[in-house]
Enquirer: 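Encoded as structure tokens, here's the structure I'll be asking about.
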Amino acid sequence: MKLGANKKEVRTGERIAKAANDSMKAARSELKRLEKVEKMQEKLVQKKKAITERARRKNDETLIARAQEGQNVAIATLERIRADKSRIEAELNNTAATQRHKPQAPANTGASGAMTSDNLADMGTSSAGAETEVSTISTEQEPEEEYIERYPVNEPYAYVTITATIPPIYKLSETKLTEGEQELLKEVKAQLYSTIDVSYSDVDDIETLLKGKMNAIIDTYALGQNINQESRDKILYYIKRDFLGFGKLDAIMHDKMAEDISADGPGIPIFIYHRKYHSIETNIKFEQEELDSLVYKMAQRSGRHISLAKPLLDAALPNQDRLQLSIGSEVTTKGSTFTIRKFKEVPITVIDLVNYGTFSLEMIAYLWMAVDNGANILIAGGTASGKTTVLNAVAMFIPPESKVVTIEDTREINLIHENWIPSVTREVEEGGKGVEMFDLLRSALRQRPEYVLVGEVRGKEAHTLFQAMATGHITMSTVHADSADTVVKRLTKQPINVPLMLLDSLNIIPLQKMVKVGEKGTRRCTKIVEVLGVDFENETLKTNDLFRWRPPDEFEFTGESAIFVKIMDKLNMSEEELGAEFTRRRRILAGMQKRGMTDFHALNDMLRDYRVDPEATEKRIWS
């Protein structure tokens, strides 16, 4: 048994030696490649500068801004390449100097071929007692082809390149492992699988545990020597990716520009919905076995169960990303699938919506006054038109001290109010009882909330929601519809069946759509419709289109608002006083936009201050 253990140590030691040697070769190879990439990037910078100069000659501010942004990105990328190149040159020079002055140890491989200190020294390792600096990891750089954009998603280990092809491709590149490092990674993973005997949920810091065990495994088989820190860091990246993350998919999960991630079956490229490039194909594919394994892993991480007997699952990951999973080929004939809708931890604010062009400052000021004064709002739009995002952003105008209850199928709304009860439905599990939105809404009305937010109305809960409106509860929700007439048809027909008379309690319907602006599709609030009453004869609503979006990309404001009339009656204000209040709120929002105050904490602080002293708040924003 002892002889077998020694042989295993020798084999592992040889792999570690090979990994260290390979890392030095990889550094030299990386330097040559960076020199080539640097020349390509310099040409791209010159090209971007020429485009900017042409835009300036045309004196078109939009073209100039777009060209300048592209030029700045290209220059920043060039600087990053040069920094990596300088770092690798310095590391190689330091290593060469170390090797020239290092005394040679006697060869001692013996018949068994075990690693010696000489072998390890030549391969970029240090003795067990020496300190090893943590170096920046060399990553795979840009492919030798033109690209539109390149940015890190898990720096310095994973980068995304948007190719300049038609259509563009979302290419993910991760830090490269040498053959020796790959062998060592396999050994470490095998040892971790056999030695970790605790549940991740029972450990306060699982990353520290994994790192400690990984280093212990490497040290055990290194025969008194340590592999260099660069190789350790690269291996640790893949250990965390595969043990704590989602394998090949994990880097995309870190991409803040990815809204949706979907797999349509084995052998088919993963597609994502990118905030800038919209639906785009990636260079990642899963074979059947690894796709099935990933689906089971995501189900387990969400605390739910999926099987061939119950092949469909709607759930949420611990970070609140929404999941829709299918397993096998009986219900999805191409094989297992998944769709992940990313949850935005830092919610989009109304200032962001103005910056994106989704709303104008006047529209946001109007909604601020409406929410402040208890208007019932139903946001309508198609799939992925931004309904829930708008609901979340507008809900930030709810007074901080108000009691809020939110009801959703899957948690998406993210508020900073302390007096807030977020509730979600529960599907029927084996041996349990399901909890539907209708149950949650009935329960919420017993909690005396001032504001009730429902993620989306699609069933019998709508009846209770509109009854809550009629009895004085302030409500906000979303619905799938593309016009005020469609909203009425959706709500009053099967399966929702809300009586037409109850719709009289509704005050405002913002309409969200995907529209084309220039060459790209983008989200816009195409109308803000005020509900004036019910037209029972035609079975529809009497409405007033207060705001309209017009091509190419502008908003119209009629100025005739029924909500403003109600606010004047409620607060006993004159028309001049209301106009001054509206103008002040718009000016404050404009000041926040100008100063780049998009953070939701900054918005919340402003709202608190405004309720105490509006004039002082306006002065502070513009000071």
Side-chain angles (χ1 to χ4, degrees), residues 14-41 77 80-92 95 122-125 132-145 147 149-163 169-189 210-211 214 218 226-255 269-270 282-286 290:
E14 289 172 347
R15 284 195 286 267
I16 293 175
K18 189 175 187 303
N21 191 32
D22 286 346
S23 67
M24 292 296 298
K25 292 179 181 177
R28 296 188 185 96
S29 175
E30 187 73 12
L31 182 60
K32 291 180 181 178
R33 185 157 57 135
L34 281 174
E35 290 171 348
K36 187 181 295 184
V37 171
E38 181 184 25
K39 292 178 181 177
M40 291 177 60
Q41 189 65 23
T77 302
R80 215 162 40 235
I81 292 169
R82 286 173 174 169
D84 284 348
K85 178 184 168 188
S86 299
R87 173 183 52 75
I88 292 175
E89 287 175 339
E91 288 177 357
L92 287 173
T95 303
D122 290 340
M123 295 172 189
T125 61
T132 308
E133 290 188 7
V134 179
S135 59
T136 306
I137 306 303
S138 301
T139 58
E140 183 182 5
Q141 295 294 333
E142 296 85 347
E144 295 184 16
E145 60 180 344
Y147 60 90
E149 184 178 1
R150 179 178 168 85
Y151 58 89
V153 288
N154 192 352
E155 198 170 17
Y157 309 107
Y159 287 80
V160 166
T161 301
I162 308 296
T163 68
I169 304 294
Y170 178 103
K171 284 192 173 181
L172 177 68
S173 56
E174 296 181 290
T175 184
K176 288 288 187 181
L177 293 178
T178 63
E179 291 183 12
E181 288 167 345
Q182 290 177 16
E183 289 295 321
L184 182 55
L185 175 61
K186 291 178 183 177
E187 181 70 32
V188 171
K189 288 175 73 173
L210 281 176
K211 184 176 181 179
M214 181 202 75
I218 292 175
N226 282 335
I227 194 167
N228 66 34
Q229 192 64 42
E230 180 172 328
S231 291
R232 287 176 183 262
D233 288 344
K234 290 163 72 175
I235 291 169
L236 180 61
Y237 164 73
Y238 283 99
I239 292 294
K240 291 196 295 186
R241 187 197 78 165
D242 295 342
F243 278 74
L244 304 181
F246 296 94
K248 292 192 297 187
L249 193 70
D250 195 60
I252 301 181
M253 299 284 280
H254 283 82
D255 188 355
I270 298 294
T282 75
N283 62 334
I284 297 175
K285 295 180 181 179
F286 288 95
E290 58 181 344

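A quick note: this is a predicted structure, and the numbers were derived from the prediction, not measured.
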Enquirer: For Thr282 and Pro269, work out which heavy atoms get closest and say how close.
Expert: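 Answer, listing the atom of Thr282 first, then Pro269: O-CB, 3.6 Å.
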Enquirer: Would Phe246 and Ile252 satisfy side chain to side chain contact (heavy atoms under 4.5 Å, CB included), going step by step from the backbone distance to the final call?
Expert: CA-CA 10 Å; Phe246 296 94; Ile252 301 181; over 6 Å; no
Enquirer: For Glu290, check side-chain hydrogen bond (donor to acceptor under 3.5 Å, both in side chains) against everything at least two apart and list the hits.
Expert: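 Glu290: side-chain hydrogen bond (donor to acceptor under 3.5 Å, both in side chains) contacts with Lys248.
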Enquirer: Strictly distance-based, threshold 3.5 Å: is any side-chain N or O of Thr163 a donor or acceptor partner for the main-chain N or O of Ile169?
Expert: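 Present.
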Enquirer: CG of Leu210 to CG of Leu236: how many Å apart, nearest 0.5 Å?
Expert: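 Here the interatomic distance stands at 7.5 Å.
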Enquirer: Roughly how far apart are Tyr238 OH and Met214 CE, rounded to 0.5 Å?
Expert: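 Tyr238 OH to Met214 CE: 14.0 Å, rounded to 0.5 Å.
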Enquirer: What's the separation between atom CD1 in Ile239 and atom CZ in Arg232, rounded to the nearest 0.5 Å?
Expert: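 Reported to 0.5 Å precision, the distance equals 12.5 Å.
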Enquirer: Who are the ring-ring contact (aromatic ring centres under 6.0 Å, His included) partners of Tyr237, not counting sequence neighbours?
Expert: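 Counting only residues at least two positions away or on another chain, Tyr237 forms a ring-ring contact (aromatic ring centres under 6.0 Å, His included) with Tyr157.
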Enquirer: Rounded to the nearest 0.5 Å, what's the gap from CG on Leu172 to OH on Tyr159? Could you check?
Expert: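 The distance works out to 12.0 Å.
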Enquirer: Measure the CG-CD1 distance between Leu184 and Ile235 for me, rounded to the nearest 0.5 Å.
Expert: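 It is 4.0 Å, given to the nearest 0.5 Å.
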Enquirer: Which pair of non-hydrogen atoms, one from Asp255 and one from Val160, has the smallest distance, and what is that distance?
Expert: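 Heavy atoms of Asp255 and Val160 come nearest at OD2-CG2, 4.2 Å.
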Enquirer: Do Thr175 and Asp233 have side chains that get closer than 4.5 Å, going by heavy atoms?
Expert: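 A side-chain contact under 4.5 Å is absent here.
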Enquirer: Roughly how far, to the nearest 0.5 Å, is CD of Glu230 from CD of Glu181?
Expert: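 It comes to 7.5 Å.
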Enquirer: Side chains of Val188 and Ile218, heavy atoms from C-beta outward: is any pair under 4.5 Å?
Expert: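 In short, these two side chains touch, coming nearer than 4.5 Å.
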Enquirer: Any donor-acceptor pair under 3.5 Å linking the side chain of Tyr170 with the backbone of Ile284?
Expert: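 It does not hold such a pair.
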Enquirer: If the condition is salt bridge (charged side-chain N to carboxylate O under 4.0 Å, His left out), which residues does Glu155 pass it with, not counting sequence neighbours?
Expert: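 Partners of Glu155 under the salt bridge (charged side-chain N to carboxylate O under 4.0 Å, His left out) test: none.
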